[in-house]
2 protein chains.
Amino acid sequence: MPDDKAEKRKLIGSRLAIARKRAGLSQSQVAMELKLPRPSVSEIESGRRRVAADELAMFADLYSVDMDWLAGRGEENVDVIRDRLQLAARKVAGLKNEDLEKVIDLLTSLGSKEDK
Amino acid sequence: MPDDKAEKRKLIGSRLAIARKRAGLSQSQVAMELKLPRPSVSEIESGRRRVAADELAMFADLYSVDMDWLAGRGEENVDVIRDRLQLAARKVAGLKNEDLEKVIDLLTSLGSKEDK
DNA sequence: GACAGAGTGTAAGATAATCTTACAACACGT
DNA sequence: ACGTGTTGTAAGATTATCTTACACTCTGTC
């Protein structure tokens, strides 16, 4: 099992960061909304700090995602691909997060031709 | 709402206890399996101690249940954005791998043009 | 009834985590 | 350059968990 605890935390943290950016929120806004210290949000997203389960539930509510996705459970292939897309899109200079989301949504819609 | 957090913990704890009993496991067995102190399992199930998100993921694996169910996020919560995300993710899964590589390469090359 | 064993709840001191409060680096717009 | 917003990070104070016990409640057995 390649599942180290630190790796698990980093995965959850990166998922939280992705979901937060997709929601168009800053760490400060999230910290105020969830009544968490802002440094904790930063360190949680980088995997240097644990997230409590009830905190993860609040994150999931705020970002409108489910906890199992945030924790990397289920739909693994799809999620890995989405993460790669996010990383690749992030390398595009000059694009803002809102635009990145539009690009990703456009690209994902391309796959619907072969899909019913 | 003064003890909203405590109520959440108790809900998660009771769900964990229910799932454990359904799986036919004792607290000691779970503690050994997940490499947690046995008193922690007891106090987690009673809501007196927090569960970390990565721990909840291990519980969910061991009990074969969803994290969202353990956290009390029922399947009745059908969110519009969540559906949109899952639909988009499904469409990405329909893409062939070589096409995905081309998309990623295109994105990365766009970024390197005006690279900083 | 008495006993043994498993399962669980709980307490106290040691240990490890997070929180508070700062400051610094970076990007972006004026 | 300047001010603003965002994010990363550090040090001491604070709070949580872990370790190691002990006690209680069930069952089943003698």
Side-chain angles (χ1 to χ4, degrees), chain A residues 4-59 62-63 71 86-87 89-101, chain B residues 2-59 62-63 111-116:
Chain A
D4 194 1
K5 291 181 180 178
E7 289 300 321
K8 187 76 176 180
R9 283 202 299 264
K10 286 205 291 186
L11 173 61
I12 295 176
S14 62
R15 289 281 169 87
L16 283 170
I18 291 170
R20 176 177 59 79
K21 286 161 188 165
R22 286 185 65 90
L25 298 172
S26 68
Q27 291 181 353
S28 299
Q29 290 175 302
V30 172
M32 285 188 300
E33 189 71 29
L34 304 187
K35 289 166 182 165
L36 287 174
R38 188 199 55 81
S40 293
V41 178
S42 172
E43 305 195 291
I44 283 170
E45 288 187 358
S46 64
R48 263 174 286 113
R49 184 160 306 191
R50 267 186 158 172
V51 205
D54 49 0
E55 292 170 344
L56 194 75
M58 294 192 297
F59 277 111
L62 185 59
Y63 299 153
Q86 285 280 352
L87 286 173
R90 207 184 306 277
K91 292 180 179 176
V92 180
L95 282 184
K96 298 190 184 303
N97 283 324
E98 302 172 359
D99 297 321
L100 291 183
E101 182 174 350
Chain B
D3 268 347
D4 198 12
K5 296 179 180 178
E7 288 301 319
K8 188 76 176 180
R9 283 201 299 262
K10 286 206 289 188
L11 173 61
I12 295 176
S14 62
R15 288 275 170 99
L16 282 170
I18 291 170
R20 177 178 58 81
K21 286 163 188 165
R22 281 183 187 166
L25 298 172
S26 68
Q27 290 183 353
S28 299
Q29 289 174 304
V30 172
M32 284 187 299
E33 190 69 29
L34 303 186
K35 288 164 183 165
L36 287 175
R38 190 203 47 88
S40 294
V41 178
S42 172
E43 306 195 293
I44 283 170
E45 289 187 356
S46 64
R48 262 173 287 113
R49 186 157 306 190
R50 268 184 160 172
V51 206
D54 50 1
E55 291 171 344
L56 195 73
M58 292 192 298
F59 277 112
L62 185 58
Y63 300 154
S112 60
K113 251 186 210 174
E114 307 192 355
D115 199 22
K116 295 185 178 181

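Residue numbering restarts at 1 for every chain, and letters A, B, ... go by the order of the sequence lines.
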Novice: B:Leu16 CG to C:dG9 P: how many Å, rounded?
Specialist: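 Rounded to the whole Å, the gap is 13 Å.
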Novice: How close or far is atom P of C:dT18 from atom CD1 of A:Ile44, stated in whole angstroms?
Specialist: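 In whole Å, C:dT18 P and A:Ile44 CD1 are 8 Å from each other.
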Novice: For a quick check of understanding: with a heavy-atom distance under 4.0 Å over all strands, which category does B:Arg48 fall into, base, sugar-phosphate or nothing?
Specialist: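 The residue B:Arg48 makes sugar-phosphate contact but no base contact.
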Novice: Return whichever of A:Pro37 or B:Arg20 has its heavy-atom-nearest nucleotide of DNA chain C closer to the 5' end.
Specialist: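 Looking at DNA chain C, the more 5' nearest nucleotide goes with B:Arg20.
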Novice: Say whether, by atom type as modelled, one donor and one acceptor occur between the side chain of A:Lys8 and the main chain of A:Ala71 under 3.5 angstrom.
Specialist: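 Judged by distance alone, yes, a pair lies under 3.5 Å.
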Novice: Tell me whether the side-chain N/O atoms of A:Ser40 come closer than 4.0 Å to OP1 or OP2 in C:dC19.
Specialist: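 Yes.
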Novice: Round to a whole Å and report the spacing from NZ of B:Lys5 to C1' of D:dA16.
Specialist: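 Nearest whole value for this atom pair: 14 Å.
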Novice: Identify, between B:Pro39 and B:Val51, the residue whose nearest nucleotide on DNA chain D lies closer to the 5' end.
Specialist: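 Its nearest nucleotide being more 5', the pick is B:Val51.
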Novice: Taking atom C1' of C:dG5 as reference, at what distance in whole Å does atom CD of B:Gln29 sit?
Specialist: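 That distance rounds to 15 Å.
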Novice: It should be established whether B:Gln27 places a side-chain nitrogen or oxygen under 4.0 Å from OP1 or OP2 of nucleotide C:dG9.
Specialist: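 Yes, such a contact exists.
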Novice: Reckon A:Ser46 touches a base, only the sugar-phosphate, or nothing at all at heavy-atom distances under 4.0 Å?
Specialist: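 If one applies the 4.0 Å heavy-atom cut-off, A:Ser46 turns out to touch nothing in the nucleic acid.
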Novice: Run the numbers on A:Val30 and A:Leu16 for side chain to side chain contact (heavy atoms under 4.5 Å, CB included), then give the verdict.
Specialist: CA-CA 11 Å; A:Val30 172; A:Leu16 283 170; over 6 Å; no
Novice: Please give, in whole Å, the distance from C:dT21 C1' to A:Glu43 CD?
Specialist: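 The answer, rounded to whole Å, is 13 Å.
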Novice: What's B:Ser42 touching, base or sugar-phosphate or nothing? Going by heavy atoms closer than 4.0 Å.
Specialist: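 Here B:Ser42 touches the bases of the nucleic acid.
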Novice: Roughly how many Å is it from CG in B:Leu25 to C1' in C:dG7, rounded to a whole number?
Specialist: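 After rounding, the reported distance stands at 13 Å.
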Novice: D:dC18, OP1 or OP2 - any side-chain N/O from B:Arg49 closer than 4.0 Å?
Specialist: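 Checking B:Arg49 against D:dC18: at least one side-chain N or O falls below 4.0 Å of OP1 or OP2.
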Novice: Would you say the side chain of B:Arg38 and the base of C:dG7 hold a donor-acceptor pair, judged only by whether the two atoms sit under 3.5 Å apart?
Specialist: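 No pair found.
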Novice: What's the spacing between B:Ile12 CD1 and B:Phe59 CZ if we round to 0.5 Å?
Specialist: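 Here the interatomic distance stands at 11.0 Å.
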Novice: Does the side chain of B:Glu55 reach to within under 4.5 Å of the side chain of A:Arg50, using non-hydrogen atoms?
Specialist: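 Side-chain contact under 4.5 Å: yes.
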Novice: Check the distance between C:dT18's C1' and A:Leu36's CG and give it to me in whole angstrom.
Specialist: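 Rounded to whole Å, this separation is 11 Å.
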Novice: Tell me the interatomic distance from B:Arg9, atom CZ, to D:dT15, atom C1', rounded to whole angstroms.
Specialist: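 Atom CZ in B:Arg9 sits about 12 Å away from atom C1' in D:dT15.
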Novice: Across the strands shown, which category fits B:Arg50 at heavy-atom distances under 4.0 angstrom: base, sugar-phosphate, nothing?
Specialist: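 Sugar-phosphate only.
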Novice: Is the closest side-chain heavy-atom distance between B:Glu45 and B:Val41 below 4.5 Å?
Specialist: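 Sidechains of B:Val41 and B:Glu45: in contact.
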